[in-house]
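Here the structure is laid out as structure tokens; the discussion comes afterwards.
Nothing here was measured: the structure is a model prediction, and the numbers come from that model.
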Amino acid sequence: MDSRFDVELVSVSKRYGTTLAVDNISLRIPAASYCCLLGPSGCGKTTTLRMIAGHEAISSGDILIRGENVSDLAPIRRGTAMMFQSYALFPHLTCLDNVAFSLKMRGVGKAERHAKAREFLGLVQMGDFVQRLPAQLSGGQQQRVALARALIMRPKVLLLDEPLSALDPFLRIKVREELKRLQRELGITFIHVTHSQDEAMAMADMMVVMQDGHIRQAGSPREVFERPVSPFIARFIGSHNVLNGPDGLIAVRADRCRLGTPGDGPFVNGRVTAVEYQGAMVRVAMATDPGTEASALVPDREFYADPVAPGDPATLTWAEQDAHTLMDA
């Protein structure tokens, strides 16, 4: 057993008839880490999560949790808990009984299971709502109850399927802070499926980007953002321009680009297609003369000192050291 890793996927594939949803992926998720599986719809991230949980049978390969091969084990025997996107709370049960339900199914006495349920509701800051029904809670509160219900079984690994997608933007930021805090305090691995780049960047210790059933890149958010390996990664992570360089395709962060003149360094000419005020920054989108899209994130004071408008000609420039050559075209 290698104690450095809580979850290991070894050449795992999933087929649905002739469709290959997940294609021979291997991954090691470090112990007590927050891992985000990220990618566009249909990339295989949710299928991968469900295979780890045991809700989908693998077609080939092996899944190990803390060194034990769980590929053929029922979900209840894997040491995982899953928090579903819909929260799946029982509408006729109070918060207390929703959280205590799994302990009830295991024969734990009422006093003990209610005491445990109160403890975990307190952990997610829902201690004052023990007698409320799900219909009497906001979406964010329902999510916290679902989280307490998942955690009460003290899983080795908590699996989260797009847990923030139903929340408004302000609440989403608050809840992601709470999830990260809980993961650190509990010291267990969280595996979180999302299609949001911002969410993964903010929360993950390890970010795994998937496309067409393959893992395209895995690493810390900063590693993936600073050094995307392919045009797909650069574009999907966002805030990168994919341009032609002297030795092939390059990626340049939009916040490292400026509107200037050809004498300022490497450049591409084009025409402004959109201007978006974003507070501290202004995003200037361009159609370049070679026929690609590009953008610059310009500090607001710099932009308004010399503004441009859609339709204006413009030159996008960057420093040579800010260009990163892409390995996989």
Side-chain angles (χ1 to χ4, degrees), residues 36 38-43 169 194-202 204 207-212 214-329:
C36 283
L38 174 70
S41 297
C43 71
T194 180
H195 60 269
S196 166
Q197 299 90 334
D198 290 344
E199 204 170 288
M201 298 275 285
M207 191 161 76
V208 180
V209 187
M210 298 185 68
Q211 179 195 27
D212 297 333
H214 295 269
I215 292 173
R216 299 302 188 191
Q217 190 169 358
S220 72
R222 188 177 184 191
E223 288 168 355
V224 176
F225 187 79
E226 293 282 353
R227 304 195 70 80
V229 298
S230 69
F232 164 75
I233 299 287
R235 293 187 179 107
F236 184 76
I237 292 302
S239 300
H240 284 77
N241 296 311
V242 177
L243 303 165
N244 288 310
D247 302 314
L249 290 178
I250 61 171
V252 188
R253 285 169 42 176
D255 64 322
R256 300 284 171 85
C257 291
R258 289 291 178 266
L259 301 180
T261 64
D264 294 336
F267 72 94
V268 62
N269 290 318
R271 194 164 293 275
V272 177
T273 57
V275 174
E276 295 179 348
Y277 177 68
Q278 298 181 353
M281 308 291 279
V282 177
R283 178 178 175 268
V284 179
M286 288 176 53
T288 70
D289 290 347
T292 59
E293 295 178 355
S295 63
L297 285 173
V298 184
D300 65 328
R301 183 175 295 177
E302 182 180 320
F303 174 83
Y304 286 110
D306 188 16
V308 293
D312 290 348
T315 298
L316 191 76
T317 70
W318 60 92
E320 202 150 333
Q321 64 267 24
D322 290 330
H324 164 64
T325 301
L326 297 169
M327 304 293 291
D328 303 321

Pairwise distance [atom1]([X]) to [atom2]([Y]) - rounded to 0.5 angstrom:
X      : Y      : atom1 : atom2 : result
Met207 : Thr194 : CE    : OG1   : 10.5 Å
Met327 : Gln217 : CE    : CD    : 11.0 Å
Cys36  : Met201 : SG    : CE    : 11.0 Å

With sequence neighbours excluded, what pairs up with Glu320 under the salt bridge (Lys or Arg N to Asp or Glu O under 4.0 Å) test?
->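 By the salt bridge (Lys or Arg N to Asp or Glu O under 4.0 Å) rule, Glu320 matches no residue at all.
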Could you pull out all residues at least two apart from Glu223 that satisfy salt bridge (Lys or Arg N to Asp or Glu O under 4.0 Å)?
->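 Counting only residues at least two positions away or on another chain, Glu223 forms no salt bridge (Lys or Arg N to Asp or Glu O under 4.0 Å).
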What closest approach, in Å, do [X] and [Y] show between heavy atoms, and which atom pair accounts for it?
X      : Y      : value
Val275 : Ala309 : CG2-CA, 4.3 Å
Pro221 : Ala204 : CG-O, 3.3 Å
Ala294 : Leu316 : CB-CD2, 3.8 Å
Pro228 : His324 : O-NE2, 2.7 Å
Asp300 : Gly279 : CB-O, 3.5 Å
Arg258 : Val298 : NH1-CA, 4.5 Å

By ring-ring contact (aromatic ring centres under 6.0 Å, His included), which residues pair with Phe236, not counting sequence neighbours?
->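 Scan of Phe236 (ring-ring contact (aromatic ring centres under 6.0 Å, His included), adjacent residues dropped) gives Phe232.
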Sequence neighbours left out, what passes ring-ring contact (aromatic ring centres under 6.0 Å, His included) with Phe267? Give chain and number order.
->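 Here no residue qualifies.
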Report the residues that fulfil side chain to side chain contact (heavy atoms under 4.5 Å, CB included) with Arg301, sequence neighbours left out, ordered by chain and then residue number.
->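 By the side chain to side chain contact (heavy atoms under 4.5 Å, CB included) rule, Arg301 matches no residue at all.
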Identify each donor-acceptor pair in which a side-chain atom of residues 281-290 lies under 3.5 Å from a protein atom, sequence neighbours left out, and give them as a table.
{"unit_1": "Thr288", "atom_1": "OG1", "unit_2": "Thr292", "atom_2": "N", "d": "3.1"}
{"unit_1": "Thr288", "atom_1": "OG1", "unit_2": "Thr292", "atom_2": "O", "d": "3.1"}
{"unit_1": "Thr288", "atom_1": "OG1", "unit_2": "Thr292", "atom_2": "OG1", "d": "2.8"}

Sort and list the pairs that fulfil salt bridge (Lys or Arg N to Asp or Glu O under 4.0 Å) and have at least one residue in residues 304-317, not counting sequence neighbours.
->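 As it turns out, there is no salt bridge (Lys or Arg N to Asp or Glu O under 4.0 Å) pair with a partner in residues 304-317 once direct neighbours are skipped.
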Heavy-atom check, side chain of Ser230 versus side chain of Leu326, under 4.5 Å =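 SC-SC contact between Ser230 and Leu326 ruled out.
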Check whether any side-chain heavy atom of Val268 sits under 4.5 Å from a side-chain heavy atom of Thr315, and report yes or no.
->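 No, every pair of side-chain atoms sits at 4.5 Å or beyond.
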Would you tabulate the side-chain donor-acceptor contacts of residues 237-247 under 3.5 Å, counting partners in other chains and residues two or more places apart, or write 'none'?
{"unit_1": "His240", "atom_1": "ND1", "unit_2": "Gly238", "atom_2": "O", "d": "2.9"}
{"unit_1": "His240", "atom_1": "NE2", "unit_2": "Phe225", "atom_2": "O", "d": "2.9"}
{"unit_1": "Asn241", "atom_1": "OD1", "unit_2": "Ser295", "atom_2": "N", "d": "2.8"}
{"unit_1": "Asn241", "atom_1": "ND2", "unit_2": "Ser295", "atom_2": "O", "d": "2.7"}

With a cut-off of 6.0 Å (strictly less than), are more than 12 heavy atoms of other residues, nucleotides or ligands near CD of Glu302?
->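 Atom CD in Glu302 is packed in, count exceeds 12.
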Does [X] have any side-chain hydrogen bond (donor to acceptor under 3.5 Å, both in side chains) partners at least two apart in sequence or in another chain, and if so, which?
X      : answer
Asp255 : Arg253
Arg256 : Asp322
Thr317 : none
Asp198 : none

Begin with the C-alpha distance, continue with both residues' side-chain angles, and end with the deciding distance and a verdict on side chain to side chain contact (heavy atoms under 4.5 Å, CB included) for Arg216 and Asp212.
-> CA-CA 9 Å; Arg216 299 302 188 191; Asp212 297 333; 4.2 Å; yes
Could you walk me through whether Leu297 and Phe303 pass side chain to side chain contact (heavy atoms under 4.5 Å, CB included), step by step?
-> CA-CA 9 Å; Leu297 285 173; Phe303 174 83; over 6 Å; no
